[in-house]
Number of protein chains: 2
Amino acid sequence: MTNKRSTIKDIARKANVSIATVSNVLNDIDVVKPKTRQHVLQIASQLNYVPNLRAKQLQSGQTKMIGFFCNSISGPYFNPLAESIAKIAEENGYGINILLSNDQSMLRRNILGDLVDGIIGFEDLITDKELQLIRTNRIKAVFIDRIIQDETIGSVVFDSYQKGKEVTDYLIQQGHQKIGFILGKDDIYDSNERFRGYKTAMEKANLKVNPNYIFKGEFELEPAFQVIEQFLTTTARKDYPTAIIAGNDLSAIGAYRAIKQQKIRIPEEISLVSFDGFDLDSPHRPNLTGIHNPIVEQAKFAVEHLIAMIHNQTPGKVQTIEGHFVVGETVQQRAEER
Amino acid sequence: MTNKRSTIKDIARKANVSIATVSNVLNDIDVVKPKTRQHVLQIASQLNYVPNLRAKQLQSGQTKMIGFFCNSISGPYFNPLAESIAKIAEENGYGINILLSNDQSMLRRNILGDLVDGIIGFEDLITDKELQLIRTNRIKAVFIDRIIQDETIGSVVFDSYQKGKEVTDYLIQQGHQKIGFILGKDDIYDSNERFRGYKTAMEKANLKVNPNYIFKGEFELEPAFQVIEQFLTTTARKDYPTAIIAGNDLSAIGAYRAIKQQKIRIPEEISLVSFDGFDLDSPHRPNLTGIHNPIVEQAKFAVEHLIAMIHNQTPGKVQTIEGHFVVGETVQQRAEER
DNA sequence: CTGAAAGCGCTTACAG
DNA sequence: CTGAAAGCGCTTACAG
């Protein structure tokens with residue numbers, strides 16, 4: 001690509017003007033004599049001139065690029081998130097550079113190497129050291145999985161604790177008492193918060209949390225499937241929970257498959273509640289009951305807040321996005337005691 | 001971000017050496033006296049120095065970035081494609097800049113503005129003019145939906161014609177004669193090629209292509225659903241095709257839903273064949289019969305070929321990736337005539 | 001209205 | 001081994 005693309009210097013030479021004049025013409029700075037302007041423009045187009053943005057960036061100190069770092073852009077959560085972020089950034093005149101790597105040095109190069117004007121990402125993907133660098137260098141950043149706030153750092157999270165409680169309350173109201181929960185990995189904010197909400201609700205209703213009903217599903221499809229399958233096949237039917245709350249969409253799907261595979265009916269025998277996962281393109285996606293988190297809204301806040309910080313229009317803020325409770329077909333009312 | 005990040009100049013001043021020496025130290029050019037080296041290194045780390053990559057790029061003429069332009073990174077095809085491209089690029093030391101825009105000027109800025117070292121994308125998203133610019137400026141590019149070849153342009157496509165034929169032959173062998181086809185938009189290479197293969201196979205078997213069985217599904221879920229639903233509800237049951245070939249995964253899903261919704265059994269009454277779409281995360285994704293295209297392989301070739309061209313190691317090539325026929329549960333053998 | 005010069009942060013011959 | 005200088009492609013005061 002480095003070949004012989006023409007520069008303003010080429011234009012200047014050919015047009016017999018200075019590079020300053022060329023620059024002025026090209027940037028529509030209304031100070032050039034119309035005739036000169038015409039002439040320069042013509043030469044420029046004749047040379048197929050396209051400005052070298054890197055040089056411009058070096059001057060202006062801006063890249064009009066946002067770095068988005070994540071582990072994946074697949075799945076019912078990450079995919080719409082990534083797509084929305086890219087789309088909204090573009091609408092605002094920013095490009096987006098996706099960093100899928102865990103490699104901290106890659107991250108660092110991008111973040112601190114002035115390749116992007118700011119970053120959006122998941123806090124659990126970066127080390128404390130990098131976070132520290134972000135702070136001290138006053139890098140503009142928005143985290144979407146954890147509450148962090150600083151002069152140049154904002155965040156946007158779901159009201160996971162609240163919704164964890166709400167969903168559990170709902171099940172209890174429906175007469176459930178033996179309620180299970182599928183956790184994500186230890187350090188996932190949403191998992192922890194949802195679980196905390198669940199425990200609070202259980203406690204308030206004087207229901208005890210049965211440790212056998214707490215599953216480690218890793219927030220992934222396969223592990224959730226495995227752990228539930230394992231449980232169902234090694235546990236007496238009468239000891240099944242009557243309802244399971246999946247900490248996220250993928251674990252809901254894994255659980256759904258495992259339960260179905262054992263020919264156990266949903267919701268007649270086991271009710272299932274989920275978070276997210278309402279945009280699955282599948283022939284007959286189950287009509288899940290649960291919390292629907294508006295991902296696009298989250299993406300929108302993240303991008304716009306970041307850009308506002310880049311323009312120094314605001315300090316970092318924390319935004320909580322409210323999920324909506326959606327009644328599907330996977331919860332059934334339960335007769336009193338058992 | 002532009003704040004007061006430290007530069008080699010700052011280091012030089014503080015270390016009492018020239019910027020050239022700093023540069024040499026930082027780039028591990030083994031020419032500096034160990035003591036000086038130590039000293040500089042220490043100051044650098046003390047100043048939290050991180051090189052400004054833009055300046056480096058301006059010098060080297062390389063960005064180590066690949067532009068990927070597409071309309072979407074969602075769906076069973078685009079999503080794994082985008083993710084694979086990002087991953088493989090990263091493994092090769094390249095970042096990836098996703099351009100979701102149709103805006104040609106955005107594209108142009110990126111492609112020609114030296115923001116990326118090369119591009120991967122869909123030919124139908126760019127205008128002839130831009131393509132021409134790519135050619136004349138010898139931009140390195142790989143197209144993944146159409147056969148194009150030039151000194152600096154390569155492409156990677158699926159063997160869609162072949163597979164369209166193969167799949168149709170298979171249905172014919174299974175005794176089907178009334179075979180429908182769901183098309184994509186007019187200018188989609190894969191759609192055209194698969195359809196061409198279908199027609200050839202039909203012709204060779206002396207079966208006539210019933211125009212009522214040719215559906216315009218746009219390669220999207222909703223439109224495919226609509227067109228099939230429309231057909232099923234306005235056509236006598238005896239006039240249904242016994243098999244339908246969906247031109248891509250999303251139309252297969254749309255068709256699947258429409259057929260199911262009409263309480264028509266698959267495959268007993270209508271067999272359904274698909275392209276791609278084998279990685280759908282859904283609780284009970286139908287086990288489709290059809291062609292499984294190795295998307296990761298496609299991504300891998302695209303990225304590696306592009307990088308080889310960037311390094312001037314090869315001229316543009318055309319690669320055809322072979323799809324694999326997978327027997328699922330959506331095709332049933334058909335008794336002779338009707 | 002136009003041009004010469006300095007500078008963005010870096011690298012790379014070239015002297016010393 | 002180290003430094004002064006030119007240059008990557010552009011912009012931006014500052015003279016004229």
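Each chain gets a letter, A, B and so on, in the order the sequences are listed, and its residues count up from 1.
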Starting from [atom2] on [N], measure out to [atom1] on [X] and report it in whole angstrom.
X       : N      : atom1 : atom2 : result
A:Ile29 : D:dT12 : CD1   : P     : 6 Å
B:Lys33 : D:dG3  : NZ    : P     : 10 Å
B:Asp10 : C:dC8  : CG    : C1'   : 13 Å
A:Gln57 : D:dC10 : CD    : C1'   : 11 Å
B:His39 : D:dT2  : NE2   : P     : 12 Å
A:Gln38 : C:dT2  : CD    : P     : 13 Å
A:Asn24 : D:dT12 : CG    : P     : 9 Å
A:Leu53 : D:dG9  : CG    : P     : 14 Å

- Task: Compute whether any side-chain donor of one residue and acceptor of the other, for B:Ser74 and B:Asn79, lie under 3.5 angstrom apart.
- Result: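 The criterion, which ignores hydrogens and geometry beyond distance, is not satisfied for B:Asn79 and B:Ser74.
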- What is the nucleic acid contact for B:Val31, judged by heavy atoms within less than 4.0 Å: base, sugar-phosphate only, or nothing? base
- Query: Just checking B:Ser23: base, sugar-phosphate only, or nothing, at a heavy-atom cut-off of under 4.0 Å?
  - Reply: base
- Message: If I compare all heavy atoms of B:Gly121 with all of B:Asp145, which pair ends up nearest, and what's the gap?
- Response: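 Of all heavy-atom pairs spanning B:Gly121 and B:Asp145, the closest is O-OD1, 4.3 Å.
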- Salt-bridge criterion met for A:Glu91 and A:Lys87 (N-O under 4.0 Å): no
- Query: Salt bridge check: are A:Arg37 and A:Asp28 linked by an N-O gap of less than 4.0 Å?
  - Reply: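 The answer is yes: the pair qualifies as a salt bridge.
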- Want to settle it: does B:Ala55 or A:Thr21 sit nearer the 5' end of DNA chain C, counting the closest nucleotide to each? A:Thr21
Checking contacts here: which listed nucleotide ([options]) is nearest the side-chain heavy atoms of [X]?
X       : options               : result
A:Ala20 : C:dC10, D:dA4, C:dG3  : C:dG3
A:Val32 : C:dC10, D:dG9, C:dT2  : C:dT2
B:Lys56 : D:dG3, D:dC10, C:dT11 : C:dT11
A:Pro34 : C:dC1, D:dT11, D:dG9  : C:dC1
B:Ile19 : C:dT11, C:dG3, D:dC10 : C:dT11
B:Ser18 : C:dC10, D:dA4, D:dC8  : D:dA4
B:Leu58 : D:dT11, D:dA5, C:dG9  : C:dG9
A:Thr36 : D:dG9, C:dC1, C:dG3   : C:dC1

- Query: Is there a Watson-Crick or G-U wobble partner for C:dT2 with both distances under 3.5 Å, and which nucleotide is it?
  - Reply: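 Paired with D:dA15.
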- Note on the structure: Of A:Tyr49 and B:Asp30, the one whose nearest nucleotide on DNA chain D sits closer to the 5' end is B:Asp30
- Task: Map A:Lys9 and A:Leu26 onto DNA chain D by nearest heavy atom, then report which one ends up closer to the 5' terminus.
- Result: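 Taking each residue's closest nucleotide, the earlier one in sequence belongs to A:Lys9.
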- Would you check if the distance from the ring center of A:Phe122 to the ring center of A:Tyr189 is below 6.0 Å?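 Ring-ring flag for A:Phe122/A:Tyr189: false, centres at least 6.0 Å apart.
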- Task: To the nearest 0.5 angstrom, please state how far the CG atom of A:Leu81 sits from the CG atom of A:Asn293.
- Result: 11.5 Å
- Message: If the cut-off is 4.0 Å, is A:Asn52 near the phosphate of D:dC8, judged by side-chain N/O to OP1 or OP2?
- Response: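 Checking A:Asn52 against D:dC8: no side-chain N or O falls below 4.0 Å of OP1 or OP2.
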- Does A:Asn27 place a side-chain N or O at less than 4.0 Å from the phosphate oxygens OP1/OP2 of D:dT11?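 For D:dT11, OP1 or OP2 has a side-chain N or O of A:Asn27 closer than 4.0 Å.
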